[in-house]
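Below is one structure; the comments refer to it alone.
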Amino acid sequence: NVGGTYFVTTRQTLGREPKSFLCRLCCQEDPELDSDKDETGAYLIDRDPTYFGPILNYLRHGKLIITKELAEEGVLEEAEFYNIASLVRLVKERIRDNENRTSQGPVKHVYRVLQCQEEELTQMVSTMSDGWKFEQILQERGSRM
């Protein structure tokens with residue numbers, strides 16, 4: 001019972017990370033972890049159930065699947081709470097990769113049009129995406145550069 005939502009799994013799944021909170025609680029029955037149980041006998045874990053789903057699925061199949069609605073930082077927080085070291089490393093790596101991707105920004109191309117007909121320019125401009133800046137630079141006749 002995680003935050004009022006019931007999850008059903010096996011001890012084998014919870015035991016995939018031997019040093020994790022979940023393994024110690026359910027598989028090793030660590031006396032240092034005194035967790036209450038609800039009226040059905042389910043362990044009560046006062047955490048956000050939204051982020052528990054990806055944690056449990058990671059333990060099931062070893063893959064990290066995070067929907068667009070979930071923040072990776074939230075999954076990281078829960079992975080740290082449950083002490084799932086391999087998942088903590090994986091989420092940190094993914095966050096770092098995303099930060100590197102966004103800090104580089106989108107790839108931009110610069111085009112220089114030296115001379116063209118009006119209809120050629122119109123066609124070229126219509127195929128470009130938003131965010132482009134146009135500058136018209138005319139060399140005055142008789143001036144030197």
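Side chains included, hydrogens not; waters and symmetry mates left out as well; all remaining heavy atoms used.
- Shortest non-hydrogen contact noted between Val91 and Glu72 is CG1-O, 3.5 Å.
- Heavy atoms of other residues, nucleotides or ligands lying less than 6.0 angstrom from CD of Gln12 number 12 at most.
- Side-chain atoms of Asn1 do not come within 3.5 Å of backbone N or O of Lys37 as any donor-acceptor pair.
- The NZ atom of Lys92 sits 14.0 Å away from atom CG of Asp97, with the distance rounded to the nearest 0.5 Å.
- The two residues Ala79 and Ile55 come nearest to each other via the heavy atoms N-CD1, 3.6 Å.
- Put simply, CG on Leu76 and OH on Tyr51 are 11.0 Å apart, with the number rounded to the nearest 0.5 Å.
- Rounded to the nearest 0.5 Å, atoms OG1 (Thr5) and CZ (Phe52) are 10.5 Å apart.
- With sequence neighbours left out, Tyr58 forms a side-chain hydrogen bond (donor to acceptor under 3.5 Å, both in side chains) with Ser86.
- Annotation for Tyr6 and Ala42: closest pair CE2-CB, 3.8 Å, computed over non-hydrogen atoms.
- Residues Phe7 and Leu25 share a hydrophobic cluster, clusters being chains of Ile/Leu/Val/Met/Phe/Trp/Tyr side chains in contact below 4.5 Å.
- Looking at every heavy atom in both residues, Arg94 comes nearest to Leu64 through NH2-O, 3.2 Å.
- In this structure, CD1 on Ile66 lies 11.0 Å from CG on Asn57, to the nearest 0.5 angstrom.
- Ser20 and Ile84 make their closest contact through CB-CG1, 3.9 Å (heavy atoms, listed as atom of the first residue, atom of the second, distance).
- Between Arg89 and Glu93, the closest side-chain pair of non-hydrogen atoms is not below 4.5 Å.
- In this structure, Ile65 and Pro54 approach most closely via the heavy-atom pair O-CB, 3.7 Å.
- Placement of Leu70 and Leu90 within a single hydrophobic cluster is found when ILVMFWY residues are connected by side-chain heavy-atom separations under 4.5 Å, directly or transitively.
- The only member of Thr9, Val2, Leu22 that meets side-chain contact (heavy atoms from CB on, under 4.5 Å) when paired with Leu56 is Thr9.
- Within 6.0 Å of atom CG in Asp46, 12 or fewer heavy atoms from other residues, nucleotides or ligands are found, so the atom counts as exposed in its surroundings.
- Screening Arg24, Glu17, Arg47 against Tyr82 for a side-chain contact (heavy atoms from CB on, under 4.5 Å) leaves a single residue, Arg47.
- The backbone N or O of Thr13 lies less than 3.5 Å from no partner atom in the side chain of Arg60, so there is not a single donor-acceptor pair.
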